[in-house]
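Contents: one structure, followed by commentary.
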Amino acid sequence: MSTVRRAAVVLAAVSALALTACGPTDDDAGGGAGGPSASPTKSATPSAPSASSKPSTTSEPAKPTKPTTPKPPKSSTDPDFDVFPCSTFDVKFTAALAEPTTSSYLLKITNKGTKACRVLGHPVVTFGSLDGQATERGTAPGIEDAIRLDPGESAYAGLMGGANDGKGKTVDSIEMTMNTESDLAQTPLKASTPGLYVSPHKNSVTAWMDNAEDALSL
């Protein structure tokens, strides 16, 4: 090789080395295939707030309760629920001879008031100045089935006597009070009964009836 060509080859080699030393290498620029690569930093994920960190809720104040208006009591379906028992203050009283041979009398009461009343049980009959009273004959209806006596209406009972057996006495009047199933003080009503023979334990009286025939048939 000539001297000139050798000098040119050396110069080219030196230039190439100079360029390599001055310029950045692939490894320096991109980190290189074998060099460590910096991984991007992950953003921190916010953690869910704990139960203790939740904002406290304030309960609403209780609303005042409206006062309850009491309802009026329901009236009874029984039309007679406010009809009181008849007393001697509510009626007028008469006695009529029904059977002379047995000294039996038909007793009659009539409502003289302005309001209806209930006729309960048997009349209480006493015999003038004599002790004792007529015994009850037959059974009387219960208070639910008692006779309703409107103003001007009448009810009847039969006072049964007996044949003169020489052991009794004759009275000319009787007195009657009503059964009210209470301790109401009543004024006895008096009726004339001429020649009524009162025999011990033989005079009886029926319950009040709404007609005379039933009153005398018991």
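Just so you know, these numbers come straight off a predicted model, no measurement behind them.
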Mind checking whether [X] and [Y] sit in one hydrophobic cluster, side chains of I, L, V, M, F, W, Y counted as touching below 4.5 Å?
X	Y	value
Leu216	Tyr156	yes
Leu97	Phe127	yes
Leu159	Val124	no
Leu189	Leu130	yes
Leu106	Val125	no

Strictly distance-based, threshold 3.5 Å: is any side-chain N or O of [X] a donor or acceptor partner for the main-chain N or O of [Y]?
X	Y	answer
Asp145	Gly142	no
Asn203	Tyr197	yes
Asn211	Asp214	yes
Gln186	Thr88	yes

Atom pair [atom1] ([X]) and [atom2] ([Y]), whose distance is rounded to the nearest 0.5 Å:
X	Y	atom1	atom2	result
Met160	Ser103	CE	OG	12.5 Å
Ser129	Lys169	OG	NZ	7.5 Å
Lys108	Lys92	NZ	NZ	7.5 Å
Asn179	Ser87	CG	OG	11.5 Å
Asp172	Leu196	CG	CG	9.0 Å

Looking at every heavy atom in both [X] and [Y], which two are closest together, and how far apart are they?
X	Y	answer
Arg118	Val83	NE-O, 3.2 Å
Thr180	Pro85	O-CG, 3.8 Å
Leu149	Ala155	CD1-N, 3.9 Å
Met209	Ile147	C-CD1, 3.4 Å
Thr206	His122	C-CD2, 3.3 Å
Thr126	Gly132	CG2-O, 3.8 Å

Is the shortest heavy-atom distance from the side chain of [X] to the side chain of [Y] under 4.5 Å?
X	Y	result
Met176	Ile109	yes
Asn111	Asp150	no
Ser199	Asp165	yes
Val119	Met178	yes
Phe84	Lys115	no
Leu107	Ile174	yes

Quiz item: Just wondering, are more than 12 heavy atoms of other shown residues or ligands nearer than 6.0 Å to NZ in Lys112?
Solution: yes
Quiz item: Under 3.5 Å, is there a donor-acceptor pair between the Ser154 and Thr110 side chains?
Solution: yes
